[in-house]
Amino acid sequence: MRPDGTWQVGELPAVHEPTLRWLKQHLVFEDEGAFVVDGPRRVPVQVDGPAFEVVELRIDEAAGTARARLDDGSEEELEDDSLGMDESSGRFECHVRAGRARAAFSRGAHQALLEHAEDEDGRFFLLVGSRRLSIRV
């Protein structure tokens, strides 16, 4: 996986959406590194950027939760300090998979984050009902 979050196999870019979804659904992060796991087969993967994309940011103000729907079909609840901005790309990202991976925000998720963000003395927060999740910049 490249620093910009795009995938490649050997020297070839991986752009086939069903294949990318399958790879991401089978991507696991362990102490030894990242692997694509299919049954007993484990293929090591070099992860140099965000492994996933946040395709939708769901904010439930009543419950005080923010959830990121990822491009592999899974959802993860966002916690304080899981949000930030990548300095090189300028894109918002969040930590996923117990903090072992990153997910870059799509344009729509980015817009949803901005609609619920506030600035307080140069520090930024995502407003989630009565909670405020800090955003690293």
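Along the sequence shown, residues are numbered consecutively beginning with 1.
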Can you tell me how far apart [atom1] ([X]) and [atom2] ([Y]) are? Round to the nearest 0.5 Å.
X     : Y      : atom1 : atom2 : answer
Lys24 : Asp71  : NZ    : CG    : 3.5 Å
Arg97 : Arg100 : CZ    : CZ    : 12.5 Å
Arg67 : Cys94  : CZ    : SG    : 11.5 Å
Leu57 : Phe92  : CG    : CZ    : 11.0 Å
Ser82 : Glu93  : OG    : CD    : 11.5 Å
Gln8  : Asp48  : CD    : CG    : 9.5 Å

Check the pair Glu56, Arg58 against salt bridge (Lys or Arg N to Asp or Glu O under 4.0 Å), reporting the backbone distance first and the verdict last. CA-CA 6 Å; Glu56 183 180 9; Arg58 298 179 182 178; 3.2 Å; yes
Which pair of heavy atoms, one from [X] and one from [Y], lies closest together, and at what distance?
X      : Y     : answer
Thr65  : Glu77 : CG2-OE2, 3.4 Å
Asp72  : Gln25 : O-NE2, 3.1 Å
Leu127 : Ile59 : O-CG2, 4.2 Å
Ala63  : Asp60 : N-OD1, 3.0 Å
Ala103 : Val54 : CB-CG2, 3.7 Å
Val9   : Ala14 : CG2-CB, 4.5 Å

Evaluate side-chain contact (heavy atoms from CB on, under 4.5 Å) for His116 paired with Glu61, printing each intermediate quantity in order. CA-CA 10 Å; His116 292 89; Glu61 293 181 12; 3.8 Å; yes
Would [X] end up clustered with [Y] when hydrophobic side chains under 4.5 Å apart are linked, directly or stepwise?
X      : Y      : value
Leu27  : Val43  : no
Phe125 : Met85  : no
Leu113 : Val55  : no
Trp22  : Val37  : no
Leu126 : Val137 : yes

Show your reasoning for whether salt bridge (Lys or Arg N to Asp or Glu O under 4.0 Å) applies to Arg69 and Glu76. CA-CA 7 Å; Arg69 188 168 61 86; Glu76 300 225 1; over 6 Å; no
When you measure from the side chain of [X] to the backbone N and O of [Y], does any donor-acceptor pair fall under 3.5 Å?
X      : Y      : result
Glu53  : Phe105 : no
Asp80  : Ser134 : yes
Arg102 : Gly49  : no

Does Phe35 have Arg42 sitting over its ring (NZ/CZ under 6.0 Å from centre, angle to axis within 45°)?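 Because its charged atom sits under 6.0 Å from the ring centre and within 45° of the axis, Arg42 does stack over Phe35.
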Taking everything shown except Glu32 itself, do over 12 heavy atoms lie less than 6.0 Å from its CD?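 Counting neighbours around CD of Glu32, more than 12 heavy atoms of other residues, nucleotides or ligands fall under 6.0 Å, so yes.
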Does CD in Gln46 sit with more than 12 non-hydrogen atoms of other residues, nucleotides or ligands closer than 6.0 Å?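 Atom CD in Gln46 is not packed in, count stays at 12 or less.
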Evaluate the side-chain proximity of Asp38 to Arg41: yes if any heavy-atom separation is below 4.5 Å, no if none is. yes
